[in-house]
Protein chains: 2
Amino acid sequence: MTSPLTHPAVEELELAVVLHAFSDPIRLQIVRMLADEGPRTCGTFVVPVAKSTLSHHFRVLREAGVTLTEPEGTQRVVSLRRADLDARFPGLLDAVLAAAPAPA
Amino acid sequence: MTSPLTHPAVEELELAVVLHAFSDPIRLQIVRMLADEGPRTCGTFVVPVAKSTLSHHFRVLREAGVTLTEPEGTQRVVSLRRADLDARFPGLLDAVLAAAPAPA
DNA sequence: CAAGTTGTTCGACGGATCTCGTACAATGGT
DNA sequence: ACCATTGTACGAGATCCGTCGAACAACTTG
C-alpha cells in the first residue's frame with residue numbers, strides 16, 4: 001500500500017537468491033499453492049504464521065523474482081513468474097514443484 | 001578427523017534443506033566444481049574463504065545430503081550424491097547446474 | 001465522512017548463518 | 001619419535017532471518 005512494488009527484471013534474477021527464496025517451508029507452500037491454483041490474493045493463503053510474517057514472505061518471493069504482485073483495489077494479487085523463471089533457470093521451477101511437499 | 005561423518009539417507013533428504021545448501025554462492029561454486037571435475041579432496045577447492053569456513057560449507061553440503069565425504073588417509077574426498085539427489089528430487093540438480101555461474 | 005477490509009511497515013526478539021583465527025586431531029613420511 | 005600435511009572443532013563477532021504484535025496506509029463501502 002506504500003511501496004512502488006519493485007520487481008527484478010528477468011536478466012537480474014540471481015540463482016542463489018531464488019534458491020534462498022525457495023528454501024523455506026512456508027514459501028515453498030506458497031509457491032505450490034500458486035502453481036496449483038493460479039494467482040490469488042494474499043489473504044487466501046492459509047499458512048500457520050501471523051499476517052505480518054506472511055507479508056514478509058511475499059516480499060522475499062517478490063524481490064527474488066519468483067512472484068509478481070499486482071495491486072487490485074484493497075487487495076494484492078500474487079502470481080508465479082513462471083515464464084521468467086523458466087527462461088532464466090530452465091527446469092528449476094518444475095523440479096522444485098515436483099519435489100515440493102503435499103503433491104496430492 | 002573426529003566425527004563419524006554422518007550422511008542423511010536418501011529418504012531423509014528434505015527439499016528446503018537441500019535448497020538452502022544450494023543457496024550460497026560459495027557452495028554453488030563447490031557443487032559446480034564437483035559436477036565438472038568429479039570427486040576431489042577438500043584442499044583442491046580454490047575459493048576465497050578461510051580454511052575453516054570452507055570446512056563449514058562442506059559440512060552444510062554433507063548434512064543436507066548433497067555431497068558424500070569419505071576419509072582417505074590424511075585427506076577427505078568429496079563427491080556429489082548425484083544418484084541420490086536425482087532419485088529424491090528428479091531434475092533439481094541438473095536445473096541448478098544448468099543455471100549455476102561459470103558454465104564455461 | 002466514517003468504518004471496515006486488506007496488507008504493509010516498524011521495532012523487537014531469538015536463533016541461525018557466515019566469517020575468521022587459533023588450537024587440535026589424524027594420518028603419513030622422515 | 002618427530003614433524004609436516006590435511007582438515008575439523010571451538011570460540012567469537014557481525015549480520016541476516018523468521019517470527020510476532022501493534023500501528024499505519026490504501027481502498028471500498030455504508
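Small disclaimer: the values here were computed from a predicted structure and weren't measured. We use all heavy atoms of the structure for the numbers below, so side chains are in, but hydrogens, waters and symmetry mates are not. Order of the sequence lines fixes the chain letters, A, B, ..., with proteins taken first and strands second; residue numbering starts at 1 for each chain.
Between A/F22 and B/F22, the ring center distance fails the sub-6.0 Å criterion.
One interatomic measurement links the two molecules: CG of B/L61 to P of C/dT17, which rounds to 13 Å at whole-angstrom precision. In this structure, A/F58 places its CZ atom 10 Å from C1' of C/dG7, rounding to the nearest Å. Remark: P of C/dA16 and NE2 of B/H57 are 18 Å apart, rounded to the nearest angstrom. Between B/E70 atom CD and D/dT6 atom C1' there is a gap of 17 Å when expressed in whole angstrom units. Summarising the geometry, the separation between NZ on B/K51 and P on D/dT8 is reported as 10 Å, rounded to the nearest angstrom. Residue B/H20 contributes atom NE2, which lies 10 Å from atom C1' of D/dC16 at whole-angstrom precision.
Distances shown here put a side-chain N or O of B/R76 below 4.0 Å from the OP1 or OP2 atom of D/dT8. At D/dG18, one or more side-chain N or O atoms of A/R27 fall inside 4.0 Å of OP1 or OP2 (strictly under the cut-off).
As judged by a 4.0 angstrom heavy-atom cut-off over every strand, B/H56 is placed among the base-contacting residues.
By the neighbour-count criterion of 12 heavy atoms within 6.0 Å, atom CD of B/E11 is densely surrounded, having more than that number from other residues, nucleotides or ligands.
The side chain of B/T74 lies closest to D/dT5, out of D/dT5, C/dT8, D/dT8. The side chain of B/V49 sits closest to C/dT19 out of D/dG21, D/dG7, C/dT19. Among the nucleotides D/dG21, D/dT6, D/dT8, the one closest to any side-chain atom of B/Q75 is D/dT6.
A salt bridge links A/R32 with A/D36: the closest approach of a Lys/Arg side-chain nitrogen to an acidic carboxylate oxygen falls below 4.0 angstrom.
Between the base of D/dG21 and the side chain of A/S52 there is a donor-acceptor pair shorter than 3.5 Å. Residue-to-nucleotide contacts include no donor-acceptor pair under 3.5 Å from the side chain of A/T53 to the base of D/dG18.
Along DNA chain D, the nucleotide nearest A/D24 and the nucleotide nearest A/E72 are compared for position; the residue whose nucleotide lies closer to the 5' end is A/D24.
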